[in-house]
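One structure below.
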Amino acid sequence: MTIDPSSIPNFGGQPEPQPQGGPAGPVVPDQDLVKQLLDQMELKYVVDDEGDLAAPWEEFRTYFMFRGEGDQAVYSVRTFYDRAHKIGDKVQLLESIDDWNRRTLWPKVYTHTHDDGTVRLIGEAQLLIGAGVNIELFVSSTVSWVRAAMEFDKWLVEQLGLESEVDDAETKSEEDDE
């Protein structure tokens with residue numbers, strides 16, 4: 001099965017691809033279909049040691065995972081944000097992500113406190129796929145979830161006033177590249 005390029009939402013810049021073929025029936029998506037979509041989106045990805053597909057960005061990694069079997073099969077897009085927060089900042093983080101979760105459909109974001117006391121954020125969106133889904137729904141959901149994961153990171157930086165931290169990291173990265 002292939003992904004119709006016209007089913008990939010256009011988020012600016014390039015013209016919409018022309019449709020190819022008619023509507024497709026339900027499909028049960030798999031990792032190969034996600035790889036094809038990521039290739040068409042020109043996103044780099046890797047398969048980790050556990051066999052999950054991951055797309056790395058500068059401040060986070062987004063995983064595309066398939067869990068369960070039969071009618072209970074679930075497709076999950078989970079983003080692990082790398083920015084470590086102090087345990088003392090957890091109340092402010094919770095207030096911010098509660099606001100995000102109320103205002104948006106996805107990703108739903110939650111905290112994870114590590115043994116060393118650092119707090120990291122995880123965003124997640126899921127789709128039941130066991131009975132099959134419309135390919136256009138699958139593609140548009142995946143693209144929207146990836147975009148929303150990036151938007152959340154930008155939004156959180158603005159909400160918490162982390163712009164100087166981001167600028168410092170970018171400066172260090174540029175110096176490392178030289």
Side-chain angles (χ1 to χ4, degrees), residues 1-83 96-112 120-159:
M1 164 180 356
T2 60
I3 295 173
D4 176 2
S6 68
S7 66
I8 300 174
N10 183 5
F11 293 115
Q14 302 175 1
E16 290 285 338
Q18 295 302 311
Q20 298 175 355
V27 298
V28 177
D30 60 12
Q31 192 175 76
D32 289 335
L33 187 61
V34 176
K35 286 178 180 178
Q36 183 184 30
L37 177 56
L38 296 177
D39 285 339
Q40 287 188 15
M41 293 170 64
E42 298 181 1
L43 294 176
K44 294 178 183 178
Y45 59 86
V46 297
V47 176
D48 71 6
D49 294 340
E50 296 174 12
D52 291 321
L53 189 62
W57 275 268
E58 192 72 29
E59 293 293 331
F60 57 90
R61 293 154 287 125
T62 299
Y63 286 83
F64 305 87
M65 302 177 291
F66 296 88
R67 299 292 189 262
E69 296 179 16
D71 287 349
Q72 301 302 310
V74 174
Y75 169 61
S76 178
V77 176
R78 192 175 291 171
T79 302
F80 294 86
Y81 295 93
D82 295 332
R83 187 176 295 109
S96 294
I97 63 176
D98 281 352
D99 185 44
W100 170 269
N101 288 335
R102 275 191 300 276
R103 294 174 186 245
T104 64
L105 294 176
W106 57 74
K108 292 305 177 193
V109 181
Y110 53 92
T111 64
H112 177 77
R120 296 191 194 265
L121 300 176
I122 301 167
E124 185 170 2
Q126 296 181 359
L127 179 65
L128 267 171
I129 59 168
V133 295
N134 177 284
I135 188 73
E136 287 83 10
L137 171 68
F138 178 78
V139 168
S140 65
S141 294
T142 300
V143 171
S144 295
W145 295 343
V146 167
R147 183 170 184 245
M150 292 185 282
E151 290 299 317
F152 172 77
D153 189 60
K154 292 177 192 173
W155 178 86
L156 188 68
V157 165
E158 291 171 6
Q159 291 295 305

Point to revise | Partners passing ring pair (Phe, Tyr, Trp, His ring centres under 6.0 Å) against F66 (at least two apart in sequence or in another chain) | key: Y75
Review point. With a 4.5 Å heavy-atom cut-off, do I129 and V74 have their side chains touching?
Key: no
Exercise for review: List in chain and number order the residues that pass salt bridge (Lys or Arg N to Asp or Glu O under 4.0 Å) with D52, two or more places apart in sequence or in another chain; answer none if no residue qualifies.
Suggested key: R67
Practice item. For P56 and K44, work out which heavy atoms get closest and say how close. Key: CD-O, 3.7 Å
Point to revise | Aromatic centroids of F152 and Y81 separated by under 6.0 Å | key: yes
**Study point:** Any side-chain donor near an acceptor of the partner, D39 and Y45, under 3.5 Å
**Key:** yes
Point to revise | Residues, nucleotides or ligands: over 12 heavy atoms within 6.0 Å of E151 CD | key: yes
Review point. Is it true that E124 and K108 have a side-chain N and a carboxylate O under 4.0 angstrom from each other?
Key: no
Practice item. Please report the closest heavy-atom contact between G130 and V28, naming both atoms and the distance. Key: O-CG2, 4.0 Å
**Study point:** All ring pair (Phe, Tyr, Trp, His ring centres under 6.0 Å) counterparts of F80, not counting sequence neighbours
**Key:** Y63
Exercise for review: Measure from the side-chain N and O atoms of W100 to the backbone N and O of P107, and report whether any donor-acceptor pair falls under 3.5 Å.
Suggested key: yes
Study note, to complete from the structure: For V133 and L128 the tightest heavy-atom approach is CG1-O, 3.5 Å
Study note, to complete from the structure: Nearest heavy-atom contact between S96 and W155 is O-CH2, 3.1 Å
Check your understanding: Are the side chain of Q159 and the backbone N or O of D99 linked by a donor-acceptor pair below 3.5 Å?
Key -> no
Study note, to complete from the structure: All heavy atoms of T62 vs all of V77, minimum pair found to be CG2-CG1, 3.5 Å
